[in-house]
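Working notes, structure below.
All ligand and atom numbering here is 1-based and tracks the order in the structure.
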Amino acid sequence: MIRKCLFPAAGYGTRFLPATKAMPKEMLPIVNKPLIQYGVEEAFESGCTQIAIITGRNKRSIEDHFDISYELEREIQGTDKEHYLEGIRKIMHSCSFSYTRQNEMKGLGHAILTGETLIGDEPFGVILADDLCLNEKGRGVLAQMCNLYAKYHCAIVAIEEVDPSQVDKYGIIQGEEIEQGIFKVHSMIEKPSQEEAPSNLAIIGRYILIPEIFDILRTTPAGKKGEIQITDALQTLALQGKVIAYQFQGKRYDCGSVEGFIEATNVFYQRIKNAK
Ligand code: G1P
């Protein structure tokens with residue numbers, strides 16, 4: 001039912017400078033695979049085959065990554081190195097990729113609004129590639145959310161409990177638990193102080209959005225940090241009873257921070273070693 005997944009990928013990645021000076025942060029690898037490829041694999045596993053990427057200046061290598069490299073293909077064809085390309089070939093074969101540029105950095109809400117031309121009038125997933133999610137016990141986080149969409153037909157945000165000292169890094173929700181781990185959201189606030197926070201349930205970088213969100217974003221004023229926030233637009237939908245929050249199964253690594261990036265690297269390295 002959800003066919004499209006949007007990847008906002010225009011940000012600067014300042015926390016990883018100088019590595020991200022000329023390279024998109026989404027191309028930073030966890031072991032041997034760029035962050036954005038993990039995200040696209042998760043989208044594909046959930047049934048999305050139309051991948052829409054919001055890029056910006058200096059992001060061309062993302063487009064090249066999801067395209068054929070004829071020279072490389074010729075070099076390694078028939079050699080024992082071919083297996084390295086199996087994963088990316090499968091994705092390129094099964095998905096279409098479209099791109100649009102966000103030429104001003106006016107926040108995540110603005111990035112998502114920029115994607116309207118690629119999404120059109122249908123529900124869609126959003127993946128923030130620097131939140132790398134792994135579910136060892138079953139389906140990926142976006143697939144879990146797509147299942148939920150089939151039941152609730154409304155916007156969905158993935159959440160997890162965070163330490164109260166960390167609430168000012170996230171969108172925080174307040175809601176009523178209607179099923180185990182599923183909340184009807186009453187309100188949400190972007191990066192509140194510990195005193196302001198209505199809970200410690202933090203939104204992570206996985207959303208299912210409904211097309212109404214675009215009209216709301218168009219009139220959402222700049223919020224925290226002077227940026228147009230998706231959390232503020234979702235708050236408008238929440239007041240109409242159209243947002244649920246879902247405590248997902250699996251683990252999320254905050255690869256936008258050096259600590260989370262290193263943790264994910266160690267975990268994924270072990271997985272690759274154990275699989276051999
Ligand atoms: C964005 C959202 C925030 C959300 C977070 C998840 O913030 O604005 O609500 O909790 O992603 O990673 P950012 O991390 O881009 O500052």
(request) Can you label the angle between the F66 ring and the F97 ring as parallel, tilted or perpendicular, going by 30° and 60°? (result) parallel
(request) Measure the acute angle between the ring planes of F124 and F214, then classify it against the limits of 30° and 60° as parallel, tilted or perpendicular. (result) parallel
Filter on side chain to side chain donor-acceptor pair (under 3.5 Å), then keep only pairs touching [range], sequence neighbours left out; what's left?
range            : answer
residues 226-245 : E190-T231, E212-K242, Q240-K242
residues 110-128 : R3-E122, K4-E122, Q102-H110, E116-R218
residues 127-145 : K25-D130, E45-R139, D131-R252, E136-R271, Q144-Y246

(request) Below 4.0 Å from any atom of ligand 1, which residues have a heavy atom? Give them in chain and number order, please. (result) L108, L128, D131, Y170, G171, E190, K191, I203, I204, G205, Y207, Q229, T231
(message) Any donor-acceptor pair under 3.5 Å linking the side-chain atoms of Q77 with those of E73?
(response) no
